[in-house]
Amino acid sequence: MNVLLDYLPEFGRGVLTTIELTVLSFAGAMLVALLVVSCRVSPVKPLRAFAIVYVEVFQNIPLLLWLILIIFALPEIAINFDLFLCAVLALSLYSAAYYAEALRSGINSVAKGQAEAARALGLGFFRTQSSVVLPQALRSVLQPLCNITIGLLMNTAITAGTGIPELTAAANAVNVITSDPLPVYIGAGIVYGLLALLISLATSRLEKKLVIHR
């Protein structure tokens, strides 16, 4: 405990950076996922093909490789982001493939009659998806989305290898100074567990609200 208390500011900054990475990457991933899943259920074949290729490519190449590619490839085409934005971009694009698949499973669970009724009322494809299908789909996939978000939180630890001062990087730095890895990494693990618990609790509360307003 003395080690953790002595280096509390370093751990605090690492936790804040981890939270920032998670929140920004979640927002970016959901935006991309909504675009991808809209293409996936679109009646236009090229759009469906794009969505399938996107999901397969990002799910079958490790996140670390995407992170390295983005950090070193973007400057080659005259796009210069700092390391933090590169990490957010990599995490967003990678996680979007998993969010999109979860959303697609939710869309498939919605009765086809719902979409047909919306079209009969004169709603177009995108209006039908955004106003009728997606709200119902989200109710059925909240728990999978929660699990993916917790995975996103854990994946932020990978960015420590690129020099971003998130929680794992902070633990590594403190361990170099103290040479006392047991309390350092146990403490970091507990913090990750608490953050994951907060995500789970927020999801459970949202589920209850959706049930009440159903």
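Note that the structure is predicted; figures quoted are calculated from it, not measured.
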Identify the two heavy atoms, one from A87 and one from L67, that lie closest to each other, and give their separation to 0.1 Å. CA-CD1, 3.6 Å

Just jot down the side-chain hydrogen bond (donor to acceptor under 3.5 Å, both in side chains) partners of T149, sequence neighbours excluded, or say none. Y99

How long is the span from the SG atom in C146 to the CD1 atom in I199, to the nearest 0.5 Å? 6.5 Å

Is V55 linked to I61 within one hydrophobic cluster, defined over Ile, Leu, Val, Met, Phe, Trp and Tyr using a side-chain heavy-atom separation of less than 4.5 Å? yes

N155 meets the side-chain hydrogen bond (donor to acceptor under 3.5 Å, both in side chains) criterion, sequence neighbours left out, with none

Pairwise distance CG(L153) to CG(L198) - rounded to 0.5 angstrom: 10.0 Å

Please, which pairs that meet salt bridge (charged side-chain N to carboxylate O under 4.0 Å, His left out) have at least one residue in residues 36-56, sequence neighbours excluded? R40-E101

Pairwise distance CG(L69) to CG(L93) - rounded to 0.5 angstrom: 11.5 Å

Should L65 and V53 be regarded as members of a common hydrophobic cluster, given that ILVMFWY residues are connected when their side-chain heavy atoms come within less than 4.5 Å of each other, either directly or indirectly? yes

Do any side-chain atoms of residues 74-86 form donor-acceptor pairs under 3.5 angstrom with protein atoms, and if so which ones, sequence neighbours left out?
| residue | atom | partner | partner atom | Å |
| --- | --- | --- | --- | --- |
| D82 | OD1 | F84 | N | 3.2 |
| D82 | OD1 | L85 | N | 2.8 |

Where L167 and T18 come nearest, the two heavy atoms and their spacing: N-OG1, 3.0 Å

Which distance, rounded to the nearest 0.5 Å, do you find between the CZ of F58 and the CG of L63? 10.5 Å

Could you walk me through whether V57 and W66 satisfy the side chain to side chain contact (heavy atoms under 4.5 Å, CB included) test, starting with their C-alpha distance in whole Å, then the side-chain angles of each, then the deciding distance to 0.1 Å, before giving a yes or no? CA-CA 11 Å; V57 168; W66 284 117; 3.5 Å; yes

OG1/T159 to CG/L64 distance, rounded to the nearest 0.5 angstrom? 10.5 Å

Indicate if L34 and L24 have the same hydrophobic cluster label, given that clusters are the connected sets of ILVMFWY residues with side-chain heavy-atom separations under 4.5 angstrom. yes

Could you see if L31 belongs to whatever hydrophobic cluster contains L91? Use Ile, Leu, Val, Met, Phe, Trp, Tyr and a side-chain cutoff under 4.5 Å. no

With salt bridge (charged side-chain N to carboxylate O under 4.0 Å, His left out) as the rule and sequence neighbours excluded, what pairs involving residues 149-166 come up? none

Search all heavy atoms of A29 against all heavy atoms of S95 and return the closest pair with its distance. CB-CB, 3.9 Å

Over all heavy atoms of both residues, which pair between A188 and A171 is shortest? Give the atoms and the distance, please. CB-CB, 4.1 Å

Side chains of Y192 and T168: donor-acceptor distance under 3.5 Å anywhere? yes

Listed partners of Y54 passing side-chain hydrogen bond (donor to acceptor under 3.5 Å, both in side chains), at least two apart: none

Same apolar cluster (I L V M F W Y, side chains within < 4.5 Å links), L35/V88: no

Between C39 and L47 the two heavy atoms that sit nearest each other are CB-O, 3.4 Å

Compare every heavy atom of S105 with every heavy atom of A102, then report the nearest pair and how far apart it is. O-OG, 2.6 Å

If I take atom CD1 from residue I164 and atom CD1 from residue I158, how far apart are they, to the nearest 0.5 angstrom? 11.5 Å

